[in-house]
Number of protein chains: 2
Amino acid sequence: MEHKLEALEKNPIQVADRLFQTMEVLASSGPIGLMDLSGTLGLNKSTVHRILNSLIYMGYVKQNPETAKYSLTFKIWDLANQLLTQNDIVDIARPHLKELVAKCGETVHLVQVDGLKAVYIDKVESYTNSVRLVSKVGKSIPLYCSGVGKALLAEMSPADAKAIWDKSEIQKLTEHTITDYQALQERLSQVRKQGYALDDEENELGVRCIAACIKDYKGKPKYAFSISAPVNRMSDERISELAVAVLETQKKLEAEWN
Amino acid sequence: MEHKLEALEKNPIQVADRLFQTMEVLASSGPIGLMDLSGTLGLNKSTVHRILNSLIYMGYVKQNPETAKYSLTFKIWDLANQLLTQNDIVDIARPHLKELVAKCGETVHLVQVDGLKAVYIDKVESYTNSVRLVSKVGKSIPLYCSGVGKALLAEMSPADAKAIWDKSEIQKLTEHTITDYQALQERLSQVRKQGYALDDEENELGVRCIAACIKDYKGKPKYAFSISAPVNRMSDERISELAVAVLETQKKLEAEWN
DNA sequence: AAACATAGTTTCATAATATGAAACACAAAA
DNA sequence: TTTTGTGTTTCATATTATGAAACTATGTTT
C-alpha cells in the first residue's frame, strides 16, 4: 500500500472547486445577488445559477424570495458540530474545565492537534471578567507560538516536533515570539520539567497563557488546555498558583479519558 | 423578475450530491477507509477516490499516512464561523447575556430565525451549576414549541405566524407540547401582553425556559434569547423574578443593536 | 517461500455531465 | 414607451466525470 506523497497540481473535480468557492464567497459576503457572485467568482452567470440551485437543493443555500439574493443557511453547522461530537473528550473535559474556570475566574480553552496547528474544540468563558479574548471554537493557532502548542510539542518525539517546526511558516507575531529552533528546544525541555507550558505574549501582545497537554494511553499528546488572561492578571506569582490547579486538572483528565 | 417557487426534483449537479454526501458520511463515521466509504455511499471506489482527492486538494479532508484512512479536517469550521461573524448581534449581545448569566446563574441562549426554526447562534453557560442542557451553537429548535420560538412568533404578523405553523410538522414532543393552533394563539397574545414567553416543558421534559425576542428598527422579530433551567429551579416565583431581568436585557439589546 | 487476499491507487475509453452563449421574463428606471 | 438591469431557462457542444480493469503494496494463509 503506497500512499500518495506529492500534492495534486489541480483539482480532479472542477465543479468541486467552484461549489466550495461559491460557499466561501457567500460566507464572507452575506446575502448577495447572482450578478455580483458571478463577477467575484469569474464564472458565467448560468454556471453560478446552476451551482446555487444545486446548493439550494442540498439545503446549504437559500434564496430570499423578496430580494432574490442568495445566502448560506445554517446547515454547514451540522457538519461542523458532528465533527466535534465524534470526539468524546469534549464531554469528558467539560466539567473539569468548568471547575477550573470557577476556581480561577479566567477563560479556559481546549484544543486538538491538527497538522501544524491546534484547533479550539471547546471554550469555557468566565463571565465575571469583561476582557474579551478573540478565540472561537473551530479556529486554530500555530503550535510553535502558543501555550497549548508548546505543551503538545514538548511531549512529541523530537523528530515529530522538528518536522512541525520545519513545515511551519515561522513569523514574528509579537516581539516575544520565538523564531529560533534552538531557543524553542530549550523552552520545551523546561516544559517537560515543569509539566506545563507558558505563552508569554508570544502570540498576542498583552495575553499570557498557562497550558498543559493531555496524552493518550500510548503517551501520545492529543489534546491540550490552557488558561488565558491579560498580563495584568498574570503575574509570575499568579502563574505559580494557577500551575497547581492546571496540573491537578491535567491529572484528572488523563485518568478519566484513558 | 420571477423567482422559482417549486423545488427541483433532482440535483442539477450530480457530483455536488456525491461530494456533500461524502462529507456527511465522514463527519458521522470518523476516520474511514476507502472501501467502507465506497460501500456506504454505493459508489465505485474510483469515483470515491477521486472525490476524496478533490476534497483533500481543497483542504476539507485529510488522509492518515499510516492507516490510509480518510477523515475531515477542521476547515468546515471556517465556513461555519464566518456565517456567525457576519452578524454583529453576537458581539453586541455577549456582554449583556453574560451579565444575565452572572445575575441568575443559569444558561442563556441566543437564537436567530431560520425558516421554521430558531438556530442557536450563541450560548453562555453558567459554570456554577452542573446540570448539562444539550444544546449547541448551530443546532436548531422548532419555533412552535420553544420559548424563543413563541417569543418570535408573537411579534410576527399573524399571517407569517400562521404560515410557519402550517408548514411545521407538529409533533407532541412532550405531554405539554401545544399541538392546537387555537391554543397557541392564546399563548401568543399572552406573550404580547407580558413581553416575554415561557416554555413549560413543551420541548423537553424537566426543562423550563423564559424568553424574549429582539426586533429590528422596523419592528420585525429577528433574534431571541432565553434562560433555561431544570424545573426544580424554575418555580413560578423564580420566573417572575427572572422576567424582570429578561425584560431589562431585552430593552438594552434592542437599544444597542438598532 | 509462494500463493492468495485485501487494501489503496492509477489508467483510459466512453458515457454522461457541466458548460456558457443566447434567448427570455420580469421589474424598475429613464 | 423604451431602456436597463435583474434572475431564469434552454440547448448544442465541449468537457468532464465515470467506473471497469489493471496495478501495486502489504498482510495473511498455505
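Within every chain, numbering begins at 1; the chains are lettered A, B, ... in the order of the sequence lines, protein sequences first and strands thereafter.
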Roughly how far, to the nearest 0.5 Å, is the CD atom of A/Glu254 from the CD1 atom of A/Ile214?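 Atom-to-atom, A/Ile214:CD1 and A/Glu254:CD are 7.0 Å apart.
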
Return no unless some side-chain N or O of [X] is found under 4.0 Å from OP1 or OP2 of [N].
X: A/His49; N: D/dG7; answer: no
X: A/Gln63; N: D/dT8; answer: yes
X: A/Tyr70; N: D/dT8; answer: yes

To the nearest Å, give me how far apart [atom1] ([X]) and [atom2] ([N]) are.
X: A/Asp17; N: D/dT16; atom1: CG; atom2: C1'; result: 14 Å
X: B/Glu66; N: D/dG27; atom1: CD; atom2: P; result: 12 Å
X: A/Asn53; N: D/dG7; atom1: CG; atom2: C1'; result: 11 Å

Of the residues in residues 28-39 of chain A, which ones touch DNA chain D at a heavy-atom distance under 4.0 Å?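 Close to the strand are A/Gly33, A/Leu34, A/Met35.
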
Honestly, is B/Lys150 close enough over B/Tyr144, meaning NZ or CZ under 6.0 Å from the six-membered ring centre and within 45° of the axis?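 Cation-pi check for B/Lys150 and B/Tyr144: fails.
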
Face-on cation placement of B/Lys62 at B/Tyr70 ring, 6.0 Å and 45° thresholds: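 Judged by the rule (NZ or CZ under 6.0 Å from the ring centre, within 45° of its axis), B/Lys62 is not positioned above B/Tyr70.
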
Closer than 3.5 angstrom, by distance alone: can the side chain of [X] be matched with the main-chain N or O of [Y] as a donor-acceptor pair?
X: A/Asp199; Y: A/Glu202; value: yes
X: A/Gln250; Y: A/Cys213; value: yes
X: A/Thr73; Y: A/Lys75; value: yes

In terms of the angle between their ring planes, are A/Trp257 and A/Tyr223 parallel, tilted or perpendicular, with boundaries placed at 30° and 60°?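 Plane angle over 60°, so perpendicular.
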
Record whether the side chain of B/Lys45 comes under 3.5 Å of the base of C/dG8 through a donor-acceptor pair of N or O atoms.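 Indeed, a donor on one side and an acceptor on the other fall under 3.5 Å apart.
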
Where the side chain of A/Ser46 is defined as all heavy atoms beyond and including C-beta, which of C/dG20, D/dA21, C/dG8 is the nearest nucleotide?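 Nucleotide nearest to A/Ser46's side chain: C/dG20.
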
Measure all distances between protein nitrogen or oxygen atoms and nitrogen or oxygen atoms of nucleotides 15-19 of chain C, and list the pairs falling under 3.5 Å.
| unit_1 | atom_1 | unit_2 | atom_2 | d |
| --- | --- | --- | --- | --- |
| C/dT17 | OP1 | B/Gln14 | OE1 | 3.4 |
| C/dT17 | OP1 | B/Gln14 | NE2 | 2.6 |
| C/dA18 | OP1 | B/Gln14 | N | 2.7 |
| C/dA18 | OP2 | B/Pro12 | O | 3.2 |
| C/dT19 | OP1 | A/Arg18 | NH1 | 2.7 |
| C/dT19 | OP2 | A/Arg50 | NH1 | 2.7 |

Considering only distance and modelled atom types, tabulate donor-acceptor pairs under 3.5 Å from the side chains of residues 15-24 of chain B, sequence neighbours left out.
| unit_1 | atom_1 | unit_2 | atom_2 | d |
| --- | --- | --- | --- | --- |
| B/Asp17 | OD1 | B/Asn11 | ND2 | 3.3 |
| B/Asp17 | OD2 | B/Asn11 | ND2 | 3.4 |
| B/Thr22 | OG1 | B/Arg18 | O | 2.6 |
| B/Glu24 | OE2 | A/Tyr60 | OH | 2.7 |

